Amino acid sequence: MRARLALAVSGQVCELREVVLRAKPQGLLQASPKATVPVLVLPDGTVLEQSLDIMRWALAHNDPAGWLSPSQGDEAAMLALIAECDGPFKQALDRCKYPSRYPDADGALARVQAVEWLQGLEARLVDQPFLFGNHAALADMAIAPFVRQFAGIDADWWGAQPWPKLQAWLAQWQAGALFESVMPKLDAWVDGTVGVRFPFQHPLPAA
Ligand SMILES: N[C@@H](CCC(=O)N[C@@H](CS)C(=O)NCC(=O)O)C(=O)O
């Protein structure tokens, strides 16, 4: 989702191939033997295999909403917070969300670790509406999908936490046009066929 957000805001037109992970198409395995999603194949054959790399590639081409230029802090500071999200928080999230996949993990400890990190986000949002200042930036867009996943584990629990700023930040993001624009679920792409053009609301440029 985070790659789609950046590609959409930056208006980078590409062919989107929806992948069902339990039935990975050959085309994915050929482009990226690692076979995680998302993968972006550039016209020169370069393959980007990390969502964050795709975001930064798109924004380096066009960043109309200033996602790489937060009003507080800078790109390096945002990347540091995103690294915390992608590392320890994601690990805790997975252990809370899929306890059966981690039978040896301490679920209660994972919950505590996730809560502590989310409290840090709440603290950041006390004096500013976004994680790095007064407008949404890379960190908000990279982190929100994972906070959404955590909130979705138990919506009642999420709503009962003393995190009014974080809850409002997530709700506002989920209500936004950009989020909605990248959400549509597609049919799985089939090898040998053409995917759909993305961003969905952008016409393809004239050939
Ligand atoms: N750090 C990577 C993580 C990519 C990742 O783990 N993607 C998952 C889906 S969200 C995946 O493709 N898993 C492969 C599988 O389950 O076989 C990124 O953000 O691009």
Side-chain angles (χ1 to χ4, degrees), residues 1-7 9 21 34-40 48-59 67-68 70-133 135-176 178-179 182-183:
M1 162 166 296
R2 46 163 60 164
R4 285 193 192 188
L5 292 168
L7 290 165
V9 81
L21 289 173
K34 184 162 82 76
T36 60
V37 295
V39 169
L40 181 66
L48 302 181
E49 297 180 310
Q50 295 290 337
S51 56
L52 197 53
D53 290 341
I54 298 172
M55 294 184 90
R56 297 173 75 198
W57 174 86
L59 297 169
W67 287 10
L68 296 179
S71 64
Q72 179 245 316
D74 56 15
E75 186 177 348
M78 291 196 291
L79 291 175
L81 189 66
I82 294 168
E84 291 177 16
C85 175
D86 290 4
F89 178 67
K90 176 70 162 57
Q91 199 176 56
L93 165 65
D94 286 345
R95 281 157 180 72
C96 295
K97 190 173 174 185
Y98 308 109
S100 62
R101 289 187 201 168
Y102 302 93
D104 299 330
D106 181 341
L109 176 64
R111 171 72 66 102
V112 168
Q113 289 168 337
V115 161
E116 280 177 0
W117 193 71
L118 292 167
Q119 283 167 341
L121 296 188
E122 172 73 13
R124 297 188 77 89
L125 294 169
V126 166
D127 294 325
Q128 55 189 18
F130 297 96
L131 294 174
F132 285 83
H135 68 85
L138 180 71
D140 302 277
M141 296 300 167
I143 290 171
F146 294 95
V147 177
R148 173 173 173 261
Q149 282 190 41
F150 195 84
I153 296 172
D154 183 343
D156 291 340
W157 178 91
W158 172 259
Q161 299 314 298
W163 303 332
K165 303 292 185 184
L166 187 62
Q167 288 154 344
W169 170 87
L170 181 65
Q172 185 190 7
W173 176 73
Q174 287 189 238
L178 186 64
F179 174 83
V182 305
M183 275 305 277

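Values below: every heavy atom of this structure, side chains too, minus hydrogens, waters and symmetry copies. Fair warning: this is a prediction, and the values are worked out from it, not measured in the lab.
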Practice task
State, yes or no, whether a side-chain contact exists between Phe132 and Leu138 at a heavy-atom distance under 4.5 Å.
Solution key: no
Problem - Centroid separation Trp157 to Phe150 less than 6.0 Å - result: yes
Practice task
Would you indicate whether the side-chain heavy atoms of Leu81 and Trp117 approach each other to under 4.5 Å?
Solution key: yes
Practice task
Show the numbers, then the answer: is there a salt bridge (charged side-chain N to carboxylate O under 4.0 Å, His left out) between Asp154 and Arg111?
Solution key: CA-CA 12 Å; Asp154 183 343; Arg111 171 72 66 102; 5.7 Å; no
Handout entry: Shortest non-hydrogen contact from Ala144 toward Leu170
Key = O-CD1, 3.9 Å
Problem - Beyond-backbone contact of Phe179 with Pro145, side-chain heavy atoms, under 4.5 angstrom - result: no
Fill in the blank from the handout: Residues His135 and Ser71: closest non-hydrogen pair is NE2-N, 3.8 Å
Exercise for the section: Give the minimum heavy-atom separation between Ala110 and Cys96, together with the two atoms involved. Expected result: C-SG, 3.9 Å
Handout entry: Rounded distance [0.5 Å steps], CG in Leu93 versus CG in Asp86
Key = 11.0 Å
Practice task
Measure the spacing between CG of Leu40 and CD of Glu49 and express it to the nearest 0.5 Å.
Solution key: 11.0 Å
Handout entry: Least distance between heavy atoms, Met141 atom then Ala136 atom
Key = CE-CB, 3.8 Å
Practice task
Mind running side-chain contact (heavy atoms from CB on, under 4.5 Å) on Gln50 and Met55 for me, showing each step along the way?
Solution key: CA-CA 9 Å; Gln50 295 290 337; Met55 294 184 90; over 6 Å; no
Problem - Contact check, side chains of Leu125 and Trp163, non-hydrogen atoms, under 4.5 Å - result: no
Handout entry: Heavy-atom pair of closest approach, residues Pro70 and Gly73
Key = CG-O, 3.6 Å
Practice task
With rounding to the nearest 0.5 Å, note down the distance linking CD in Gln113 to CZ in Arg95.
Solution key: 9.0 Å
Exercise for the section: Please report the closest heavy-atom contact between Lys34 and Thr36, naming both atoms and the distance. Expected result: NZ-OG1, 2.9 Å
Practice task
Would you mind reporting whether Trp169 and Glu122 have side-chain heavy atoms less than 4.5 Å apart?
Solution key: no
Exercise for the section: Determine, stepwise, if the pair Phe146 / Arg2 fulfils side-chain contact (heavy atoms from CB on, under 4.5 Å). Expected result: CA-CA 9 Å; Phe146 294 95; Arg2 46 163 60 164; 3.4 Å; yes
Problem - Within-4.5 Å side-chain heavy-atom neighbours: Gln161 and Leu118 - result: no
Handout entry: Spacing of Lys165 atom NZ and Phe130 atom CZ [to the nearest 0.5 Å]
Key = 12.5 Å
Practice task
Find the distance between CG (Leu5) and CG (Leu178) and round it off to the nearest 0.5 Å.
Solution key: 5.0 Å
Handout entry: Gln72 vs Arg124 side-chain heavy atoms within contact, under 4.5 Å
Key = yes
Exercise for the section: Kindly compute the distance separating CZ (Phe89) from CD1 (Ile143), expressed to the nearest 0.5 Å. Expected result: 9.0 Å
Problem - Asp140 side chain vs Ala137 backbone, donor-acceptor pair below 3.5 Å - result: yes
